[in-house]
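What follows is a short report on a single structure.
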Amino acid sequence: MDQYIISKPVRTEIVVEKSRFICTLARVASEQEAQDFIKKTRKEFWDATHNCTAYIIGGVPRAERSSDDGEPSGTAGSPMLEVLRKKELYNTAAVVTRYFGGIKLGAGGLTRTYGKAVTEAVKAAGLSKMVPMGHYAFTWSLDDVGRVLNLLYRQSLFAVHDVEYGSRAEIILEMKQAQVPEAEAWLTETLSKPVTLEEKHLFEAEQPVAAGV
């Protein structure tokens with residue numbers, strides 16, 4: 001199952017029956033960071049009728065919390081949290097600030113509106129996913145490395161990250177971790193010599209995903 005993060009923090013607003021619903025969405029790395037974000041947003045909107053919250057931290061295991069902040073039980077925090085779940089988001093916190101407009105929405109109306117407020121904010125923020133990446137190396141003779149690099153620069157399966165020269169050239173490639181077997185097969189076929197990649201460094205890279213996910 002894929003998991004996503006928001007591409008950027010956002011603040012959006014919808015108006016329903018004269019009530020303003022302002023959704024502030026942020027990326028957070030821990031529960032403490034989520035709680036600090038919520039505290040800061042509540043302080044900013046200190047005069048609001050409600051500041052309802054939801055967040056999901058981590059992948060597996062994960063922490064999920066929500067608060068109705070005075071709205072009828074289950075009509076605010078829970079639908080907000082459900083949007084984050086359905087979008088498969090993690091390390092994301094949402095605060096929906098309500099300024100009451102004088103017209104009651106009822107339990108169903110509140111549930112739909114709080115969910116919609118978060119949905120619109122997520123749409124505005126965009127989604128990204130963290131892709132497992134790595135640097136992988138193999139060595140080659142100095143007298144032939146120019147020819148090999150020329151071949152490597154012309155393909156799109158991976159990138160040449162660095163070349164370190166000693167008694168032999170160490171060519172360091174950057175690619176998705178899942179592409180290592182394919183890269184080894186390509187190198188072996190293209191260079192007409194068995195190539196086994198040595199893992200040098202693992203990391204994650206953020207990759208935007210198409211709208212509509």
Side-chain angles (χ1 to χ4, degrees), residues 1-131 204 206-213:
M1 182 181 71
D2 287 325
Q3 291 187 312
Y4 303 96
I5 54 176
I6 57 172
S7 296
K8 61 183 178 182
V10 297
R11 175 169 289 166
T12 57
E13 179 176 339
I14 60 175
V15 178
V16 177
E17 297 291 358
K18 298 183 179 180
S19 281
R20 296 172 60 205
F21 293 84
I22 303 165
C23 182
T24 308
L25 209 59
R27 287 163 63 160
V28 289
S30 65
E31 281 206 80
Q32 185 60 56
E33 196 171 320
Q35 290 162 6
D36 289 345
F37 160 71
I38 290 168
K39 183 177 179 181
K40 178 182 177 182
T41 306
R42 283 178 167 166
K43 184 177 181 180
E44 179 181 358
F45 293 106
W46 62 271
D47 59 340
T49 315
H50 305 281
N51 283 292
C52 304
T53 64
Y55 63 80
I56 296 177
I57 305 297
V60 180
R62 57 200 265 145
E64 300 183 354
R65 303 284 186 273
S66 66
S67 168
D68 296 312
D69 193 39
E71 292 282 31
S73 179
T75 63
S78 291
M80 291 168 61
L81 186 60
E82 187 59 25
V83 172
L84 301 183
R85 288 175 180 152
K86 285 184 176 180
K87 293 294 184 180
E88 299 179 87
L89 283 162
Y90 74 106
N91 287 6
T92 304
V95 177
V96 175
T97 301
R98 182 187 185 189
Y99 286 93
F100 183 54
I103 301 174
K104 293 184 177 181
L105 301 182
L110 287 173
T111 299
R112 287 190 297 273
T113 303
Y114 276 100
K116 181 180 179 181
V118 178
T119 298
E120 292 299 314
V122 171
K123 188 184 301 182
L127 299 182
S128 295
K129 62 181 178 180
M130 300 306 292
V131 178
E204 288 189 321
E206 183 175 334
Q207 176 181 301
V209 299
V213 171

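In this chain, numbering begins with 1 at the start of the sequence shown. Note that the coordinates shown come from a computational prediction; the quantities given were computed from them, not determined experimentally.
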Kindly say whether L89 contributes a backbone atom to a donor-acceptor pair with the side chain of T92 at under 3.5 angstrom?
no

M80 side, atom CE; C52 side, atom SG - distance, nearest 0.5 Å:
6.5 Å

Nearest-0.5 Å distance that lies between atom OG1 in T111 and atom CD in E71:
9.5 Å

Using 0.5 Å steps for rounding, measure from the OG1 atom of T41 to the CG atom of N51.
7.5 Å

Any side-chain heavy atom of Q35 sitting closer than 4.5 Å to one from R65?
no

Can you tell me if R11 has over 12 outside heavy atoms packed within less than 6.0 Å of its CZ?
yes

Taking atom NZ of K87 and atom CD of E82, what is their separation to the nearest 0.5 Å?
12.0 Å

What are the two closest non-hydrogen atoms of A26 and I6, and how far apart are they?
C-CD1, 3.7 Å

Show the nearest heavy-atom pair for residues P79 and T75, with the distance to one decimal.
CG-O, 3.4 Å

Have a look at D36 and tell me which of Q32, K40, K39 forms a side-chain hydrogen bond (donor to acceptor under 3.5 Å, both in side chains) with it.
Q32

Could you walk me through whether N91 and I56 pass the side chain to side chain contact (heavy atoms under 4.5 Å, CB included) check?
CA-CA 6 Å; N91 287 6; I56 296 177; over 6 Å; no

Write down the atom of T53, the atom of R42, and the distance for their closest heavy-atom approach.
CG2-NH2, 3.8 Å

Working to the nearest 0.5 Å, report the span between OG of S67 and CD1 of I38.
8.0 Å

Please list all pairs passing the ring pair (Phe, Tyr, Trp, His ring centres under 6.0 Å) test where one or both residues lie in residues 22-55, with sequence neighbours left out.
none

Determine, stepwise, if the pair S7 / S128 fulfils side-chain hydrogen bond (donor to acceptor under 3.5 Å, both in side chains).
CA-CA 5 Å; S7 296; S128 295; 2.7 Å; yes

Pair E206 + R27, salt bridge at N-O below 4.0 Å
yes

Least distance between heavy atoms, D68 atom then G77 atom
OD1-N, 2.8 Å

Pairs satisfying ring pair (Phe, Tyr, Trp, His ring centres under 6.0 Å), at least one member in residues 100-119, at least two apart:
F21-Y114

Between E17 and K104, is the salt bridge (Lys or Arg N to Asp or Glu O under 4.0 Å) condition met? List the steps.
CA-CA 8 Å; E17 297 291 358; K104 293 184 177 181; over 6 Å; no

side-chain hydrogen bond (donor to acceptor under 3.5 Å, both in side chains) between S19 and R98: does it pass, once the steps are laid out?
CA-CA 7 Å; S19 281; R98 182 187 185 189; 3.3 Å; yes

Less than 4.0 Å between a side-chain N and a carboxylate O, is that true for K86 and E88?
no

Nearest heavy atoms of V118 and C23, plus distance in Å
CA-SG, 4.0 Å

Before you tell me yes or no, could you show the steps for M130 and Q207 under side chain to side chain contact (heavy atoms under 4.5 Å, CB included), namely the whole-Å CA-CA distance, both residues' side-chain angles and the distance that decides it to 0.1 Å?
CA-CA 6 Å; M130 300 306 292; Q207 176 181 301; over 6 Å; no

Could you walk me through whether I5 and K129 pass the side chain to side chain contact (heavy atoms under 4.5 Å, CB included) test, one step at a time?
CA-CA 6 Å; I5 54 176; K129 62 181 178 180; over 6 Å; no

Please test L84 against Y90 for side chain to side chain contact (heavy atoms under 4.5 Å, CB included), starting from the C-alpha separation and ending with a verdict.
CA-CA 8 Å; L84 301 183; Y90 74 106; over 6 Å; no

Determine the minimum heavy-atom distance between L25 and A125, stating which atoms define it.
CD2-CB, 4.3 Å

OG1 (T113) and CG (L105) are apart, to the nearest 0.5 Å, by 5.0 Å

